[in-house]
There are 2 protein chains.
Amino acid sequence: MDITPSAVGRELDFPAVASPGSALSALESLAVPARYKNGEAVYRCNDPVDSWYRIVAGAARKFASTADGYRHIVDFLLPGDMFGFGTQGVRPFCVEAIVPGTLIIRYPRRDAEQLADADPQIARTIREATFDSIARLQRRMVILSRTRAIERVGAFLLEMADRGHGAPSHTVSLPMSRYDIADYLGMAVETVSRALTQLRTRRAIALRGVRRVQICDRPALAPAP
Amino acid sequence: MDITPSAVGRELDFPAVASPGSALSALESLAVPARYKNGEAVYRCNDPVDSWYRIVAGAARKFASTADGYRHIVDFLLPGDMFGFGTQGVRPFCVEAIVPGTLIIRYPRRDAEQLADADPQIARTIREATFDSIARLQRRMVILSRTRAIERVGAFLLEMADRGHGAPSHTVSLPMSRYDIADYLGMAVETVSRALTQLRTRRAIALRGVRRVQICDRPALAPAP
DNA sequence: CGCGTAGTTGACGCGTGTCAATTGCTGTGG
DNA sequence: CCACAGCAATTGACACGCGTCAACTACGCG
């Protein structure tokens, strides 16, 4: 169910993201860190929006579930990502840790907003963080619109490779299960598995352990046939 | 696809806030209006980000095109929507008008950012609108992840109905072509057409003209089957 | 009136979802 | 330390929905 101990160690050893400038250090004075078990909820759907978050180590999934038991993962949260932004109302999604010992920092929303109001530099930092998250979302929409399963999985692997901070880009560690990947890409688990083996037989990737992928032929993963 | 991480700038769009107040009227002093013909480009991929935009009348499409001729529409821009926001880098997407005589207002970016830095109220307004934009994008991702064609089309119609400002919510006007809808939902044109006729035979919708849809059975369009 | 594009409908093959069985891995308890 | 339980992951068989190719209709414009 969990990833191998060695992989866990690597994830947890991730250094805190370098804070750009002194602006963020003011924000850091509000930080409230916490650890989460595998599957534990960071916040739930319909909870009030009273905090913003940043993930330091481990991984989490942001998802929506419909009445008919259908679940869709909107985003995977990796070390360095900020999430949970919002000003009022309630959470439209749930967030759960998917790696044991996931470390997440919480910023009380009201205090953070006061800081942003007082310091244009902080406001600008927050603005750019949300810009990043929107750019990521739009890129992902292009990926999701792809109809072919192999193209989706290939693009997903490339996305994870590019998000893997610091690590050599040709080996990707996938902290999430195949089921999570399936709910993320909007397809069946079996199709994810089949796409991976097909990519492997094409020598585009190689599996180093179940949740470690080595990218051998990067252009083969890009959608242009 | 040609959306390489390095090429992706920072861009976002969000609907105009309902309560502009005095803050936004300061922004309005920077406004530069212009009209566009059908298919005319507002800006192109890789253009520098030197302006923000707001659409007043007509409609436009924001899309990415890949080397293999594949095109994906990331967003439809309707009256009231702001778009083209970003701080640096180049445009990751193109924007084209899809209705003749589309009226779009342009805000020079540097001046607008200075306003945001000087006035926390403007910064907050932009920030909140950005959060809304993220919520909308994530909601759309849930729609796109649906595998069934009818569910996608149904959710799309509901989305357009909810975005239809002021108009009675049970009749939706679609300013875009079937091809645009197909590229937006990530499926073939024929499938869009078939889904519409199937929804029509189910008495869920009725076509009042080719691009006017009356919603008869709203729950039938909702994703729970 | 004829042309061009948008839109619809039909036929057919393939890819993907579904159901089912097997293997592999992890953590637990004897 | 081993055996077992339980889940993750893979692989196979099969039906069906969707993409593709094609033909036809509807509408607008010169």
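Naming convention: chains lettered A, B, ... in sequence-line order (proteins, then strands); numbering from 1 in each chain.
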> Whole Å only: how far is the CD atom of A:Gln198 from the P atom of D:dG12?
Replying inline: 12 Å
>> Ignoring hydrogens and geometry beyond distance, is a side-chain donor-acceptor pair present between B:Glu28 and B:Tyr107 at under 3.5 Å?
In response: yes
> Quick one: what's the B/S/- string for nucleotides 2-15 of chain C, heavy-atom cutoff under 4.0 Å, read 5' to 3'?
Replying inline: ----SSBBBB---S
>> Can you give me the bend angle of the helix from C:dC1-D:dG30 to C:dG30-D:dC1? Use the axis through the first five pairs and the one through the last five, nearest 10 degrees.
In response: 30°
> Are the charged groups of A:Arg200 and A:Asp217 less than 4.0 angstrom apart, N to O?
Replying inline: no
>> Distance to the ring centre below 6.0 angstrom and angle to the axis at most 45 degrees; does that hold for A:Arg71 and A:Phe63?
In response: yes
>> Using the rule side chain to side chain contact (heavy atoms under 4.5 Å, CB included), only one of B:Ile181, B:Leu221, B:Leu199 pairs with B:Val153; which is it?
In response: B:Leu199
>> Less than 3.5 Å apart, any donor N or O on the side chain of B:Arg106 or B:Ser51 sitting next to an acceptor on the other?
In response: yes
> So, B:Tyr184 and B:Arg140: side-chain donor and acceptor under 3.5 Å apart, yes or no?
Replying inline: yes
> Atom CG of A:Asp180 to atom C1' of D:dC7: distance rounded to whole Å?
Replying inline: 14 Å
> Taking NZ, NE, NH1 and NH2 as the nitrogens, is one of them in B:Asp183 or B:Arg178 under 4.0 Å from a carboxylate oxygen of the other?
Replying inline: no
>> Can you measure A:Lys37 atom NZ to C:dG27 atom P for me and round it to whole angstrom units?
In response: 16 Å
>> Run the ring pair (Phe, Tyr, Trp, His ring centres under 6.0 Å) test against A:Tyr53 and tell me which residues pass, sequence neighbours left out.
In response: A:Tyr43, A:Phe83
> Could you give the CG-to-P distance, from A:Asn38 to C:dT26, as a whole number of Å?
Replying inline: 14 Å
